[in-house]
Every structure is written in C-alpha cells, then in structure tokens.
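Please read the structure below before turning to the comments.
Numbering of ligands and ligand atoms starts at 1, following listing order.
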Amino acid sequence: MIPLILYDISSKLEGNYWSPSTAKPRFVLGYKGLPFRIEWMEYPDIAPRMKAIGARQNKLLDGREMYTLPVLDDPNTGALITDSWEIAEYLEKTYPEKSIFPNKSKGLIRAFDAALINLLQPVCKFPILRASEILSERSAEYYIATREAGFKEKLSEFSPEGPKRDEHWAIMERTFNTSKEWYDEEGKKWLMGDTFSYADVITAAFLIWLKRVLHGDEWEKIAGWHDGRWARLLADAEKECNTV
Ligand SMILES: N[C@@H](CCC(=O)N[C@@H](CS)C(=O)NCC(=O)O)C(=O)O
C-alpha cells in the first residue's frame, strides 16, 4: 500500500503538530493502522499549494470559501479530500476495518461535533492568541492578520489578562464540566463506554490543541480538572491511535 499524504500546519514546537482540525485525521489514520506521511505547510502557502494540487475549497461557518487544512491525498485511490469530517467519512468507507463510527453512530457523532463546537466558540480566542505565539514568523504574520480581520478585533484584545481572560477561563471550565457530564453517562474510558469512536477523536483533538498551544501552567490547570481526567483521556486516545 502506498502511504497516504496528510497536509498539516507547521509550528515552532518540537514535533510540529498543534492544529485540532488536522489532529483528527492523524488520529484516524493511526487508529486504522494506515501508512501515511505528513506534508508540513506554512499558512501563506496553503492556498497556492492546495490550488496547484487541485484540492477543493472549504465552506466556512460564515459561508466564505477558502482553502483549509487538513487535506488528505490517497494515492491508492486518487482521492483528494478537504475537511476533517469528510476525510473521516472517506477513510471509514474506504478502509472499514476498525470502525470509527461503530454501531451506526455517524449521525450522533456529527451532532456531538456540532455541540462541542458550539461550546468552544465563546472561548476560542484564548487558544487562538496562544497559537499565534507558536507559529513561525511567516505563518504568525498571516494568522494574526486573518484572525484580526475575521474577528474585527486586534489580537491584543482577544484575551487580555484581566476580566476578559477570567471569563474565558470560566467558560472553559464550564465546557469541561459539560463534557464530563457527557462522558459520565457511560462512566467508562470512552464516550461510548468501552467502544472507541470518532467522538473521542474530536475530544482528543481539542485537548491536543490546548496542550500544545497554551503555556505549561495553563495546560496543567486544565489537566488537573476532574482528577486528571482530560490528560488521561488524551493519553489514552494517543495510545489507541498509535500517535505516541
Ligand atoms: N471544518 C474544517 C476546518 C479546517 C480549518 O479551519 N483549518 C484551518 C486551520 S485550523 C485552515 O486551514 N485555515 C487556512 C487559513 O486560515 O488560511 C475542517 O474540519 O477541516
């Protein structure tokens, strides 16, 4: 089998990876035991490169069309897929062994994905601020300019220390309290009890983002909530998906 190619976004961190969207297909590829290699990209190079290889643009929540990563190139079938959800669907359909949507859970997991995004929306400016600190100079310049334009706010106003940051921490904690309630329904390792699924990939990708972009003490704070449950869930998912 020819290794698949995953286009991911580079950073200054050891090991590079940090983006939650691209972490999802990385987890799925690892879980299914598929051979793959990563093509690391800087932000300003994404659009020209994706256009050149014939990837399709993605539709953002606000309706705008743009080139985004992840993109997956499968030389075994000729498929070139944009968007983490569509990549998950493609991998499940093409390589059905070790299902990530067990027991016909795809619809429910899609709803879980949307629910988690809704929970995270109000708090995302804090990790976005931190992400701008771990990118290369070229990527950071692009990232800050596009995020400032998107939010119509200067980066320095995203999550300044003080009442605004405190509010972000409060929302973050509420988000994890809600996630805990969801995970407690089965009271086991995964959202679906003993069965690993793409829902856990979504949660783990969010955790990876926080662990990689936040400062050490900030991640430690989250890792300490609910008796270390979130650090444990991330470590378990990384093990399950052979990403460590
Ligand atoms: N819904 C998309 C979101 C992907 C996305 O927003 N990717 C961002 C990086 S996290 C991106 O590539 N942005 C390109 C840009 O800002 O130019 C997915 O899940 O694949």
For the residue pair Arg26 and Tyr17, would you count it as a cation-pi contact if the rule is NZ or CZ under 6.0 angstrom from the ring centre and within 45 degrees of the ring axis?
yes
Could you tell me the separation between the CE atom of Met50 and the CG atom of Leu69, rounded to the nearest 0.5 Å?
5.5 Å
Please work out which of the three classes, parallel, tilted or perpendicular, describes the rings of His168 and Phe126, given edges at 30° and 60°.
parallel
The protein residues that pass the under-4.0 Å heavy-atom test against ligand 1 are Ile9, Ser19, Ser21, Tyr43, Asn58, Met66, Tyr67, Thr68, Leu69, Pro70, Asp83, Ser84, Tyr142, Arg147
I need the single residue from Tyr198, Phe112, Tyr90 that forms a ring-ring contact (aromatic ring centres under 6.0 Å, His included) with Trp85. Which is it?
Tyr198
Measure the spacing between CG of Asp74 and CE of Met1 and express it to the nearest 0.5 Å.
6.0 Å
Please determine whether the number of non-hydrogen atoms from other residues, nucleotides or ligands lying under 6.0 Å from atom CD of Glu97 exceeds 12.
yes
